[in-house]
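Encoded as structure tokens, the structure appears first; notes follow it.
Every chain is numbered from 1 and lettered A, B, ... according to where its sequence line falls, protein lines coming before strand lines. Predicted, not measured: the structure shown is a model, and the values here were computed from it.
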Amino acid sequence: MAGSIDEAVSTGPARDHTRPARRGGGRGRAVLEVALLAVLAVVMLFPALWMIETSIKENRDVYAIPAKFFDFKVTMDHFRDVFAASGGGRSALSVSFLNSVVVAGVSTVLATVLGVPAAWAYSRFAMKAKKDQLFFILSTRFMPPVVVVIPIFLMYRQVGLIDTKLGLILIYAAFNVPFTIWMMKGFVDEVPAEYEDAAMLDGYTRLQAFWKFTLPLLLPGIAATAVFALIFSWNEFVFAIFLTSSDNVRTAPPAIAGLIGGTTVDWGLVAAASVVFALPVLAFAYLVRRHLVAGVTLGAVRR
Amino acid sequence: MGTVAVHGLRKSFGKVQALDGVTLDVPDGSFFVVLGPSGAGKTTTLRAIAGLDKLDAGSVHLDGRDATGDTPAARDLAMVFQSYALYPRRTAYENIASPLRARRCSSSEIAAAVERMSSLLHIERLLQRRPAQLSGGEMQRVALARALVRSPRAFLMDEPLTNLDLKLRVEMRTELTRIHRSLGGTFVYVTNDQVEALSMADQVAVLKEGKVQQVGTPTEVYERPANQWVAGFVGSPPISLLACHAEGDRLIGAEGWTLPRPRWTTAEDGRPLLLGLRSEDLSVEQRGDASLSGELYGLEPLGDRTVVDVRVGTEILKVKARPTVTGTPGERLHVTVDLDRAHLFDAGTGLALSEAGR
Ligand SMILES: Nc1ncnc2c1ncn2[C@@H]1O[C@H](COP(=O)(O)OP(=O)(O)OP(=O)(O)O)[C@@H](O)[C@H]1O
Ligand SMILES: [Mg+2]
């Protein structure tokens, strides 16, 4: 299948583009709307802008009072510091980025591998109390992580998963599976079950029918779902900070948070690390931009 | 070899009893039509035979062997789905080749078989297209080709012609009968179109609300409907039904008319009956003594004939007449009845009266 994520994301009816027609005399309102949105945009974007500026300012300019908006000296030192340790070799931050990649990647793969077949089963088969089961699965997402982190911490200590990447991978996968099931069920529901029926009459087994005929049609949906899971795992902070402590296990969010505190804070480094951290999320969010809004309502995603 | 026998099939979807004890016996090599209105359970029956749905009760025997628990693949059947279910990402060629690929045929065998099928169904030009690039009629041919490319135990066809326009449908009807004759094989063919059923079938099973109403040859189903419902469903224009009862050698209509009692009726006097009269067994020309008087209600010119609606009391009779017939609504007229071809049903149960003496 050659379809890119972008293609997958743009196959729906172009409802994003439809706008209610403006009434006559609504010009004043339009101006007001634009003005309000502009204010909102500045408020929302300023921190991001400030972060980017800080990441390329020399330290002297970072701490300058009054703050320098435009005429500061540009430097890439902070970015170098993100990746290289001062004494040569790799920095602790770069290790944490690598950990984040591994943890987010593996947990996403795990959640997808488990969630997609489950979604298929929920979509295709009659089972007892299916709605209740689906609701139960979803309900595990109602709880904020911080509520369960203590019991999980205690359990993990018992089984030796504290301060391991495997521990984080498992908990992230567990949190992503319900989401994957719900979002993927929406996609599977859209693929007629009759393709599989036809394939079984052709002589394939049910699993072959799923694998050869339905799965290729699901790939765009799987890609979109995986990106959501990836973003969740990548951004996750609470479990990461409670369940890991050593530098070679820690993921980026707690590692960056750890830069703040102590006697002096190297804001340039914090900003640069944050920029590096935000880039993958931005890239992925761009890929699934149309699903982002719909994705909030879990499973209601339609192509 | 290819017999299909289902016994006592039951299947419900929530509150809907889709199949309520369906028993069918499809002889080897026959063109067996399951006829019924929308929602009768035709698709559910085919899916049960194919093993696609779990049944509540009943058994499926293929070639005399119990196949109730077999997977669809193991049953060795081919099916044309009501919605065609062509694989959207594959070309027509690959769609047709799919059953052979699943059974690991060599690519030269596949090429030969696909070519044979595509020339049989006149779709050579379409082989490299995807389903989205095909018209409804073309998709239907590809779906047929995918089913016919193998020689399975039986072919299951779910209203394959319903989505076509009338002209194409009539063409394909003859085409399919021709294919059945040339390929042989057992066809279980589902339709809601009684003309299709009567013109194509060796045997027809009439299905209503998950129950088999009658099984027989098209002639049997048309000439000797087992009950009032079958009589009404098969035949166009629909049969006219008049409430009446027997009294001595007369039939007395609820609307006050009398007719000579058909010789073969066995009904005792006074039992409420329905007299079923097909349009071709009625005539607006005066002939003989069996006639009903009524008034002209309307005319439906159909080209080769005109259907004259005659009101007898509160009931409407559909009478087949010459295309040249004329008249004005309200005009009195007599309808001659061919009582030898009339049908009598018990008004309570709807069942046809025994026709032993006919
Ligand atoms: N998957 C299903 N879920 C719920 N009800 C169903 C399902 N499939 C069929 N039914 C119901 O079972 C009954 C029989 O359906 P079926 O599809 O067999 O009818 P049919 O004779 O094929 O009709 P049509 O000519 O419209 O295709 C209908 O009342 C239908 O609503
Ligand atoms: Mg159907």
Side-chain angles (χ1 to χ4, degrees), chain A residues 1-13 116 120-134 186-224 302-303, chain B residues 11-14 43-44 46-56 70-90 94-105 110 131-132 139 142-150 152-158:
Chain A
M1 216 243 0
S4 66
I5 297 175
D6 201 49
E7 191 182 299
V9 164
S10 60
T11 45
V116 171
W120 173 70
Y122 274 113
S123 171
R124 292 290 190 254
F125 298 104
M127 50 185 96
K128 283 216 175 80
K130 188 196 272 190
K131 281 204 175 131
D132 300 317
Q133 289 188 33
L134 281 169
F187 285 108
V188 182
D189 285 345
E190 301 269 307
V191 177
E194 281 186 348
Y195 297 149
E196 286 162 40
D197 294 340
M200 285 193 285
L201 276 150
D202 285 352
Y204 292 104
T205 65
R206 190 176 272 287
L207 281 179
Q208 283 173 328
F210 166 67
W211 184 258
K212 284 184 195 263
F213 293 87
T214 303
L215 198 64
L217 301 174
L218 290 178
L219 285 180
I222 292 176
R302 314 199 113 238
R303 274 177 296 172
Chain B
K11 169 90 190 167
S12 62
F13 297 102
T43 300
T44 313
L46 278 197
R47 293 179 61 86
I49 297 172
L52 293 171
D53 291 326
K54 233 173 136 181
L55 287 164
D56 299 340
D70 287 0
T71 63
R75 295 183 189 214
D76 187 20
L77 300 166
M79 180 157 170
V80 179
F81 288 80
Q82 195 164 356
S83 60
Y84 308 145
L86 294 176
Y87 310 126
R89 294 289 177 81
R90 303 183 184 212
E94 279 307 318
N95 267 282
I96 300 171
S98 176
L100 302 175
R101 291 223 193 285
R103 284 157 215 274
R104 307 197 178 286
C105 295
I110 292 175
M139 282 202 271
V142 174
L144 272 172
R146 181 175 67 185
L148 295 168
V149 73
R150 282 194 320 121
R153 280 210 178 96
F155 300 97
L156 312 176
M157 306 198 172
D158 195 352

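- Ring-plane geometry between A/Y195 and B/Y87 is classed as perpendicular, the angle between the planes exceeding 60 degrees on a 0 to 90 degree scale with a lower cut at 30.
- Both the backbone and the side chain of A/A199 come within contact range of chain B, judged by heavy atoms closer than 4.5 Å.
- B/M157 has its side chain within reach of B/L148: a pair of non-hydrogen atoms, C-beta onward, lies under 4.5 Å apart.
- A 4.5 Å side-chain heavy-atom check between B/T71 and A/M200 finds every atom pair outside the cut-off.
- The side-chain tip of A/R206 does not point at the ring of A/F125 from less than 6.0 angstrom away and within 45° of straight on.
- Salt-bridge annotation for B/E94 and B/R101: present, with a side-chain N of the basic residue lying under 4.0 Å from a carboxylate O of the acidic one.
- Residue with the most contacts toward chain A among B/R146, B/R150, B/R75: B/R146 (heavy-atom pairs, distance under 4.5 Å).
- The greatest number of non-hydrogen atom pairs below 4.5 Å with chain A, out of B/L156, B/V149, B/L86, is found for B/L86.
- In terms of heavy-atom pairs under 4.5 Å with chain A, the best-connected choice from B/P88, B/A147, B/A143 is B/P88.
- Of the listed residues (B/S83, B/A50, B/G51), the one with the most heavy-atom contacts under 4.5 Å to chain A is B/S83.
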